[in-house]
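The structure appears below as structure tokens.
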2 protein chains.
Amino acid sequence: MKVREGGGWVLCADMAISLLESVDAFVFDCDGVIWKGDQLIDGVAETLSMLRSKSKAIVFVTNNSTKSRAQYAAKFISLGIPVSQDEIFSSSFAAAMYLKSIQFRTDNKVYVIGGEGILEELRLAGFTALGGPEDAKKTVELSENRFFEHDKTVGAVVVGLDQYINLYKLQYATLCIRENPGCLFIATNRDAVGNMTALQEWPGAGCMVSAVCGSTEKEPIVVGKPSTFLMDFLLKKFNTDTSRMCMIGDRLDTDILFGQRAGCKTLLVLSGVTTLSKLLDPANSIHPDVYTDKVSDLLELLGP
Amino acid sequence: MKVREGGGWVLCADMAISLLESVDAFVFDCDGVIWKGDQLIDGVAETLSMLRSKSKAIVFVTNNSTKSRAQYAAKFISLGIPVSQDEIFSSSFAAAMYLKSIQFRTDNKVYVIGGEGILEELRLAGFTALGGPEDAKKTVELSENRFFEHDKTVGAVVVGLDQYINLYKLQYATLCIRENPGCLFIATNRDAVGNMTALQEWPGAGCMVSAVCGSTEKEPIVVGKPSTFLMDFLLKKFNTDTSRMCMIGDRLDTDILFGQRAGCKTLLVLSGVTTLSKLLDPANSIHPDVYTDKVSDLLELLGP
């Protein structure tokens, strides 16, 4: 067992045993941890089964807002991993729960830059949502007398990952935030990039969120990781202390920071966006407790 | 003559006379000063004629990068204002001149998020430019084995106002900046919004530039206002001291700041994006020397 300078400890058998003993609940990120795009990462299903067999609680907390919890549950099941919907906490759900937590008026509408998952969670929570996929193909021609109408009853704009980002959506969101009095600007998350496909990283929600920051000169309320907004929901679910929880993720600035802010143990896996050299770079100031290549190293070190 | 708290002086006849006496060269912003969208602002043509008749030098410095200098000259002439191309300094031109100033290798390519004007200026300066309008209609489907190819010889990405912003362009720019060693990230400007049509403001280049900041976690080199990069070109042209130049613009954070940083006199007009209440807002820290409603107030106060 040896420390790598600045990077935290490399996971070894002793440490894996000690982690299992000191943790009641494992909180997993999904992209880059459980899967890449639509491909399950090797050994994940078996590792999750092992943890469940040892009576560990498991939840999934993902910044990817394109899906609702129900859509995530379907994806897990299609990949052969049994989960229930209430083990899934997505940033789309977080956006809806944030609005509920501040008693956002249901006669105000919510404009969405992002995927169907956000709209579905907002509607499930009783809100009226506009935008999202239905504005994907809309174009604007900047002719002289073009006047862009927007709904004056929009009281919040939620921005997440949107592969169909366009000027129509950006103008709609900008007008709501700049012109509707008190309109909130909520970001599901600000991940710079993510593995939207297995082979490559793509601009993440941080791209679309920053675009709206650029046009509105406002900063958003972030509800996904590293914001600890969702932690209250996890605590209610687990009935344990955060010190007996372990956050497992592939991103330093969201997963590991989220875990640290909440007081959890943190395990970085190198199967996603963070490379070893990035972790060990002196410019990096976020250090997990432990790191390893992939989730299934736990299984390998602990046995089935 | 009275001062408005924090806002600078209101232009009056005495001050207009003193401005005319102490200034050899007037530097005009275009959008919100000369025109709004494609509509000339009342009295502009006559005011410019009056200044020229008094042997004042005139140039136009615009952050709007969608047009090249030649395209701007054509727009001026179509609106009945005689100009020569070398009186026009656009941020598209600034981007090309910046690359020339650093001796950017002409065997490296430049990827553009923005309009035809940037491509035209880059090509006139001898560079090979990709992207821009030809990528306007391109889409990407995030299928599992999709691999997005990008040109490894791109050594600079230039981002300006782009009404056809889409994921294709954002991914292209992001890959170049993140993966091509030493690739530069240049912003024509970072205006949050602008009067792209006469009736309304729209997201400005600041929106597209911030989107790329969000996905790359890098900050750009800004070549348009308030950067004073273009000032060397103006000084060569005018052969006068910046203290004998007056910047006339409608934006505090670009025009007035540019003028102040360069040591020019500054005149804010309220015919564009800055309202009187924004100017006088205690949160505003940028104060012009003088302000007035519109350019033609100069003509009214001075006579023809």
Original post:
With a cut-off of 6.0 Å (strictly less than), are more than 12 heavy atoms of other residues, nucleotides or ligands near CG of Asp281(A)?
Top reply: yes
**OP:** Quick one: list whatever passes salt bridge (charged side-chain N to carboxylate O under 4.0 Å, His left out) with Arg69(A), sequence neighbours left out.
**Re:** Glu121(A)
Report the option among [options] that has the most heavy-atom pairs separated by less than 4.5 Å from atoms of chain B.
options: Leu142(A), Thr139(A), Thr197(A); value: Leu142(A)
options: Glu141(A), Gln39(A), Arg190(A), Glu217(A); value: Gln39(A)
options: Met208(A), Glu201(A), Lys36(A); value: Glu201(A)

Heavy-atom contact with chain B under 4.5 Å, split by part of [X]:
X: Gln163(A); result: both
X: Val209(A); result: neither
X: Tyr164(A); result: side chain

Original post:
Any idea which of Pro203(B), Gly194(B), Cys213(B), Gly204(B) has the most non-hydrogen atom pairs under 4.5 angstrom with chain A?
Top reply: Pro203(B)
Original post:
Do you know which two heavy atoms are closest between Arg146(A) and Leu199(B), and how far apart they sit?
Top reply: O-CD1, 4.0 Å
Original post:
How far apart are the closest heavy atoms of Ala211(B) and Ala211(A), and which atoms are they?
Top reply: CB-CB, 3.8 Å
Distance, nearest 0.5 Å, that separates [atom1] of [X] from [atom2] of [Y]:
X: Glu149(B); Y: Gln200(A); atom1: CD; atom2: CD; value: 8.0 Å
X: Cys207(A); Y: Ile165(B); atom1: SG; atom2: CD1; value: 7.5 Å
X: Trp202(A); Y: Leu170(B); atom1: CH2; atom2: CG; value: 11.0 Å

